[in-house]
Amino acid sequence: MSLEESLREIRLAKIARLRELGCDPYAIEKFDMSHTVTETVEGFEKLTDIPLRVAGRLHSMRVMGKAAFADLHDGTNKIQLYFRKDDVGETLWEVVGLLDIGDHLGVEGKTMVTRTGEHSIHVAALWPLSKPLHSLPLGKAKDGEHYNAIADTELRYRHRHLDLIANPEARKMLVDRMLVTRAVRHYLDQNGYLEVETPLLQVVAGGAAARPFLTHYNAYEMDVKLRISLELYLKRLICGDLPRVYEIGRVFRNEGISNRHSPEFTMLEFYEAYTDLEGMMARVEGLFRSVAQEVFGTSVVSVPMRDERDEETGAFVELDFGKPWRRVGMLDEISRLSGIPVDNLHDYESAKAGMAKVGLPTENEHSLGGILEKLLEHFVEPTLIQPTFVVGYPIETSPLAKKVPGDPSMTRRFEGYVLGREVCNAFSEINDPVDQRERFEQQVAEREKGDAEAHPMDEEFLFALECGMPPTGGCGIGIDRLAMTLTGARHIREVLLFPMMRPERDRGFGVSPSRNEGELRRDEGACEEGE
RNA sequence: GAGUCGGUAGCUCAGUCGGUAGAGCAACGCCCUUUUAAGGCGUGGGUCCUGGGUUCGAGUCCCAGCCGACUCACCA
C-alpha cells in the first residue's frame, strides 16, 4: 500500500469513529459563528467572558497529554485554541485526538491569555466541519517565516487551492488582484459608464495585432475565433449612442507565454464619446488614483523596484498616483535620450540611419513606426518609473487612431507607463469611415504580405462608422498587468488564479500511458474534423 | 522558438569518486493538563520524472523524451 493510500485509510477510519461519536465531519450544514477569526483577533480585549463561536481551518496541533493547542486560520488571521480534557469531557476529548491539520472546525469557548501572553480561545465544545483525505502541505510558521509549506512553483499553480491555504503572501497578491478589478468597476460606474458584454466568439477577430484561437460552431457549420480585443464591438455601441461604455473581459491571443504574457488575459477597454486625449488622460489618472486608494488605502503605492540585474536588492519605489502624470512627446523624448535629432525621426531613411548611428541593429526594420517603437523601448521605457504618458505614435502601428492634423505619419495616441512598463494604450478614435477603410486596406495588404497579426477587414464595423460615430476617446488596460504593477508581482501567473499549464502526462489519474496517448489522438482527430 | 538550470518520501531538501536510499516536517504508536517551527522515545513510508544505453554494478555517466523555472525574442 502506498503512503497516500494508507493515509487515506487512516483518515477514513477516523471519520468512521467520529460518526460513532456523533461528530460526523460532513454532517453539519450551518455553523452559527458569533465572530470570524479576524473579528476575534481584532476585538479580543472586548470579548472577554462572553461565549464565542468561531470556525476555520486547523493549521497546527500541539498535543500534550491531556491538553492541546491548535491554530485556527481563516485565511487572513489565526487564533490559538486551547483544549483541556477536564473541560471538554471524555467524548469530545477523543474527538480532539481525531483532529488533523487541515480539518475545518467550529468551536465555542471564552477568551484566554496564556502564560506567554498569546490570545487564545479556551474551548468548551467543538464541531468537526470537514476532514481532508490528504495530508495538507501547510508547513509551519514562526515570526512570519514559513517552513516546509508547498513552495514548488509548478505545484502551487497546478493545485492553487493548496497555495491559497498555505501561502498567505500568494493569497494576498491574488486577492488584491481581484480587488483591483472591483475598484476599476467602481470608478467607471461612478463616472457614468455602462458596463457591457460583447461576443467572445467572433467571425472576424479584430481590434488588435494578434493571432486568434480558432474553433468551430457545429450548428452553423462555421469556423469562429475567440476574440483578441474588445475594441470594435464597443465602438459599435458608441455608434449606437451609448456614450460611455466599458467591458472587463477575457481576451485570447494565440501567442507565447512569458512572465508578462498569458494566452488568456483580462482586458479593460472603455470608450467615451465627445472627449479627446486630454479627457482620456484625466480618466486614466483618475482610475489609477481611485484604484490605489480603494485597494491600498493610499494614492502612493510602494512596490519592489524592478531591476532585472539585481532582483534581490529589496529596493522599493513609491509610485505617486495622486499627482497628474508626467507627459512627454514620443519623438522629443526619444531624441532627448538617444541623441538623434528630432528632424531625423520623421522619415524612414533618416530614422534608420540614426538608429544605426546609436548602435542598434537595423536589419529587421522595415517601417518608420517599427524603428520608433524600438528606439522608445530601448532609450525611453526604462526611464519611465513614475507614471508618465508618452504622446504621439506612428501611424503604421496605430490603424484605429486618428491622424495628427498636419502630420499624416503620426496619430493622436498615447500610452501610459509605470515602472518602465506599459500600463495603458489610448487614442482618439477614428470616426471618419473613409479614413478607417483606407487603414484597414493598408492592414489587409500587410496581411497578404505575410503579417499574420495585421487587422482583417471588418465591414460590419465600417458600416457602423458610416452611420456616424461622435468624436470618441478610447483606452485599453491589461488588468493583469495593472495588478502586477500595483502588487509588485514578478510573474503574470502570480496574479492569475489558474494560469495556463501544460497538462501533466501519465500521472495521477490511474490512466496508463498507452491509453492516454490513444485519447490524445482521438482528440486531435475531432479537432481536424471540426476545422 | 533559442539558451541555461532543475525534477529524489505527502511537503521542504541533502545525496561526495559510479558501490545496500537520507534528514527535518507530515503520518502512525507510547509519554506529557499553558504549548507555540512544543518536546522525548519508537515505527512505517521511495516508479530517485519517463524510456533507452554504458558498466560486474547507475539517483549519480551518456542519448532521447516529458514537465517546470529563469533569460532572450514577439506580443498587452
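Since we're looking at a predicted model, the values are computed, not measured. A note on names: the letters A, B, ... follow the listed sequences, proteins ahead of strands, and every chain is numbered from 1.
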Asker: Between A:Arg413 and A:Tyr393, is NZ or CZ placed under 6.0 angstrom from the six-membered ring centre and within 45° of the ring axis?
Answerer: yes

Asker: For A:Glu422 and B:A76, give me the distance from atom CD to atom P, rounded to whole Å.
Answerer: 7 Å

Asker: Just the rounded figure in Å: distance from C1' of B:C32 to CZ of A:Arg84.
Answerer: 15 Å

Asker: Which nucleotide sits closest to the side chain of A:Pro137: B:C28, B:C11, B:A69?
Answerer: B:C11

Asker: Using heavy atoms to find the nearest nucleotide of RNA chain B for A:Arg493 and A:Met112 separately, return the residue whose nucleotide is more 5′.
Answerer: A:Met112

Asker: Return the value, rounded to whole Å, for the distance between atom CG of A:Leu136 and atom P of B:U12.
Answerer: 14 Å

Asker: Answer whether the closest heavy-atom distance between the side chains of A:Arg11 and A:Asp100 falls below 4.5 Å.
Answerer: yes

Asker: Using atom C1' in both nucleotides, what's the gap between B:C74 and B:G6 to the nearest angstrom?
Answerer: 26 Å

Asker: Please tabulate the protein-to-nucleotide N/O contacts below 3.5 Å involving nucleotides 37-43 of chain B, giving atom names and distances.
Answerer:
unit_1 : atom_1 : unit_2   : atom_2 : d
B:A37  : OP1    : A:Lys142 : NZ     : 3.3
B:A38  : OP1    : A:Lys140 : NZ     : 2.4
B:A38  : OP2    : A:Arg62  : NH1    : 3.4
B:A38  : N6     : A:Val63  : O      : 3.1

Asker: Go through the steps to decide whether A:Arg177 and A:Asp480 satisfy the test salt bridge (Lys or Arg N to Asp or Glu O under 4.0 Å), and finish with yes or no.
Answerer: CA-CA 8 Å; A:Arg177 179 254 153 83; A:Asp480 316 277; 2.7 Å; yes

Asker: Verify the contact: side-chain N or O of A:Lys374 to OP1 or OP2 of B:C74, cut-off strictly under 4.0 Å; return yes or no.
Answerer: yes

Asker: Expressed in whole Å, how much space separates the P atoms belonging to B:C66 and B:A58?
Answerer: 26 Å

Asker: Taking the side chain as every heavy atom from C-beta outward, state whether A:Phe389 and A:Val284 have any pair of such atoms under 4.5 Å apart.
Answerer: yes

Asker: Expressed as a whole number of angstroms, how long is the span from A:His491:NE2 to B:U71:C1'?
Answerer: 12 Å

Asker: Using the C1' atoms only, state how far B:A37 lies from B:C25, rounded to an integer number of Å.
Answerer: 9 Å

Asker: Remember a base hit wins even if backbone is also touched, and classify A:Thr266 as base, sugar-phosphate or nothing at under 4.0 Å, heavy atoms.
Answerer: nothing

Asker: Salt bridge or not between A:Glu285 and A:Arg327? Use side-chain N to carboxylate O under 4.0 Å.
Answerer: yes

Asker: So what does A:Ala151 hit on the nucleic acid, given a heavy-atom distance under 4.0 Å: a base, only sugar-phosphate, or nothing?
Answerer: sugar-phosphate

Asker: Under 4.0 Å between any heavy atoms, over every strand shown, what does A:Phe265 touch: base, sugar-phosphate, or nothing? Just pick one.
Answerer: base

Asker: Checking contacts here: which listed nucleotide (B:A76, B:A27, B:U71) is nearest the side-chain heavy atoms of A:Glu255?
Answerer: B:A76

Asker: Tell me if the side-chain of A:Glu118 makes a donor-acceptor pair with the base of B:U35, cut-off 3.5 Å, by modelled atom types.
Answerer: no

Asker: Rounded off to whole Å, could you give me the NZ-to-P distance for the A:Lys131 and B:A27 pair?
Answerer: 10 Å

Asker: May I ask you to decide if the ring planes of A:Phe213 and A:Phe252 are parallel, tilted or perpendicular, using 30° and 60° as cut-offs?
Answerer: perpendicular

Asker: Taking atom P in both B:G24 and B:A9, compute the distance separating them and give it to the nearest angstrom.
Answerer: 16 Å

Asker: What integer number of Å spans the P atoms of B:C30 and B:U12?
Answerer: 30 Å

Asker: Using a 4.0 Å heavy-atom cut-off, does A:Lys78 contact any base of the nucleic acid, only the sugar-phosphate backbone, or nothing at all?
Answerer: nothing

Asker: Nearest to the side chain of A:Leu155, which nucleotide is it out of B:C74, B:A69, B:C11?
Answerer: B:C11

Asker: From CG of A:Leu7 over to P of B:C25, roughly how many Å is that when rounded to an integer?
Answerer: 17 Å

Asker: Are A:Arg156 and A:Glu494 close enough for a salt bridge, meaning some N to O gap below 4.0 Å?
Answerer: yes

Asker: What interatomic distance, in whole Å, is found between C1' of B:G39 and the corresponding atom of B:U34?
Answerer: 14 Å

Asker: Quick check on the 6.0 Å ring-centre criterion: do A:Phe321 and A:Phe288 meet it?
Answerer: yes

Asker: Send over the distance from A:Glu154 CD to B:C66 P, rounded to a whole Å.
Answerer: 14 Å

Asker: Tell me whether the OP1 or OP2 atom of B:G68 has a side-chain N or O from A:Arg502 closer than 4.0 Å.
Answerer: yes

Asker: Compare all side-chain heavy atoms of A:His134 with those of A:Arg8 and state whether any distance is below 4.5 angstrom.
Answerer: yes

Asker: Which nucleotide, B:U35, B:C28, B:U33, lies nearest any side-chain atom of A:Ile10?
Answerer: B:C28

Asker: Send over the distance from A:Tyr393 OH to B:A76 P, rounded to a whole Å.
Answerer: 11 Å

Asker: Return the nearest nucleotide to the side chain of A:Arg158; candidates are B:U71, B:C67, B:A69.
Answerer: B:C67

Asker: By nearest heavy atom, map A:Asp87 and A:Asp152 onto RNA chain B; which one lands nearer the 5' end?
Answerer: A:Asp152

Asker: Scan A:Ala149 against the nucleic acid and name what it touches under 4.0 Å (heavy atoms): base, sugar-phosphate only, or nothing.
Answerer: sugar-phosphate

Asker: What is the nucleic acid contact for A:Arg156, judged by heavy atoms within less than 4.0 Å: base, sugar-phosphate only, or nothing?
Answerer: nothing

Asker: Counting side-chain heavy atoms from CB outward, which of B:A76, B:U33, B:U34 is closest to A:Phe69?
Answerer: B:U34

Asker: Answer with base, sugar-phosphate or nothing: what part of the nucleic acid does A:Gln80 contact at a heavy-atom distance below 4.0 Å?
Answerer: base

Asker: Does the salt bridge (Lys or Arg N to Asp or Glu O under 4.0 Å) test come out yes or no for A:Asp71 and A:Arg62, once each step is laid out?
Answerer: CA-CA 9 Å; A:Asp71 293 331; A:Arg62 298 173 292 282; 3.4 Å; yes

Asker: What nucleotide, of B:C11, B:C70, B:U34, holds the atom closest to the side chain of A:Thr114?
Answerer: B:U34

Asker: Suppose we define a pair by two distances each less than 3.5 Å, Watson-Crick or G-U wobble; what does B:U33 pair with here?
Answerer: none

Asker: Counting only Watson-Crick or G-U wobble pairs whose two distances fall under 3.5 Å, which nucleotide matches B:U4?
Answerer: B:A69

Asker: Can a side chain N or O of A:Arg253 be found less than 4.0 Å away from OP1 or OP2 on B:C74?
Answerer: no

Asker: Give none if B:U60 has no partner; otherwise give the nucleotide forming a Watson-Crick or G-U wobble pair with it, both distances under 3.5 Å.
Answerer: none

Asker: Does A:His146 put a side-chain nitrogen or oxygen below 4.0 Å from OP1 or OP2 of B:C11?
Answerer: no

Asker: Please tell me which of the listed nucleotides, B:C32, B:U34, B:U35, lies nearest to the side chain of A:Lys66?
Answerer: B:C32

Asker: Say you pick atom P in B:A2 and the same atom in B:G44; how far apart are they, in whole Å?
Answerer: 49 Å

Asker: Using atom P in both nucleotides, what's the gap between B:G22 and B:G40 to the nearest angstrom?
Answerer: 22 Å

Asker: Does A:Arg160 CZ have over 12 foreign heavy atoms under 6.0 Å away?
Answerer: yes

Asker: Does the side chain of A:Arg481 get closer than 4.0 angstrom to OP1 or OP2 of B:A76 through an N or O atom?
Answerer: no

Asker: Taking a pair as Watson-Crick or G-U wobble with both distances under 3.5 Å, which nucleotide is matched to B:G44?
Answerer: none

